[in-house]
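Single-structure report; data block below.
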Amino acid sequence: MSKLTGRPPKVLMLLTSDFVTARYEALRARAPDLEIVTELGADGDPDVTALFAFKLPAGIAPRLPNLQLAASVGAGADGIISAPDLPTHVRVTRAVEPGLGLSMAQFVSLQILRQFRSLPKMEQQHAAGEWKRLPVPDARQVTVGIMGLGSIGAVVADVVAALGFNVIGWTRSNARTPRVPVYLGEGTMDAFLGQSDFLVCLLPITAQTAGLLGRTRLAKLPKGSFVINVARGGIMVEDDLLALVNEGHLSGAALDVFATEPLPPTSAFWHHDKILVTPHIAAQPSVGPVVDQFLENLKRLAEGQPLLHEVDRSLGY
Ligand code: OXD
């Protein structure tokens, strides 16, 4: 029961993508008695107490005067907390489930190994019917720098280290893995970047990280470094990244996230032979646990209990 209204909660889901629609269908199947709406009229809806969405466009929150919880269906809640008109008292959660770190670790390892073991080159040789043995490189000589060591980054760091790479991490304030050397705080970033043959971006997007990786910082990477962004497109300055690849300072990039998604057909990233584009699929919290977490949070909200995976809105994650 909703504490505020004394009535059962009513949920608004904004079906902005197939990703959200799949969670909507799962929620309906899991909680058939829960009232869920997917549209909001111009007058709004005073009965809606919870929102379950990936993006919250401006203009929605003011039409929900009794909104208490805005839950992200995704691992990041930036699409919700970036809404300029979301009242500060509305609590925000993000989706966390144990499999997410491992999926991300698999994807990041795939990108590192593809590059490290020259898979594109081998595919070319295969297509050309060419038998040519390539040297087998030594992972211990290669440093993978992971930016962001939260619940996902820590798993990625451990898995990549287990593959034999020399792993280092950078974090602003909070490292969850004691197993890799950690560079802490803004002042250490250049030293961290200067050693990273692979740069893996796993930072949340916040006021501090938007545009963080522009030309000056990316140019600190050793020549020939490879960049993997699986966090948010807006953390990197895309034109600067592209220029550094085209100039040969970077050997290439694997990009799963973009400032504008879907990536527009006119983007120079498409069809670039040194850049691999994937459509924001590195890792996704699986549907069942995310729906369960949301239902649990509705219950906790009604009972006045602490919420699972609540976002600190002042930090942005
Ligand atoms: C995300 C997700 O937040 O895919 O990026 O869950």
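Atoms within a ligand are numbered from 1 in the order they appear, just like the ligands themselves. Here, residue 1 is the first one in the sequence, and each next residue gets the next number.
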(request) Return the set of residues passing ring pair (Phe, Tyr, Trp, His ring centres under 6.0 Å) with Tyr317 (not counting sequence neighbours), or none when no residue passes. (result) none
(request) Using modelled atom types only, decide if a donor and an acceptor are shared between the side chain of Ser225 and the backbone of Pro222 within a distance under 3.5 Å. (result) yes
(message) Quiz question: by atom type and distance under 3.5 Å, do the side chains of Asn246 and His272 form a donor-acceptor pair?
(response) yes
(message) Working note: Asp197 + Asn166, criterion side-chain contact (heavy atoms from CB on, under 4.5 Å); need CA distance, chi angles, decisive distance, verdict.
(response) CA-CA 10 Å; Asp197 302 306; Asn166 176 37; over 6 Å; no
(request) Among residues two or more places apart or on two chains, list those pairs meeting side-chain hydrogen bond (donor to acceptor under 3.5 Å, both in side chains) that have a residue in residues 284-293. (result) Arg30-Asp292, Glu97-Ser286
(message) Taking non-hydrogen atoms within less than 4.0 Å of ligand 1, which protein residues qualify?
(response) Phe19, Phe54, Gly74, Ala75, Gly76, Arg232, His280, Ala283, Pro285
(request) Sorted by first residue and then second, give each salt bridge (charged side-chain N to carboxylate O under 4.0 Å, His left out) pair with at least one member in residues 236-261; sequence neighbours left out. (result) Arg215-Glu247
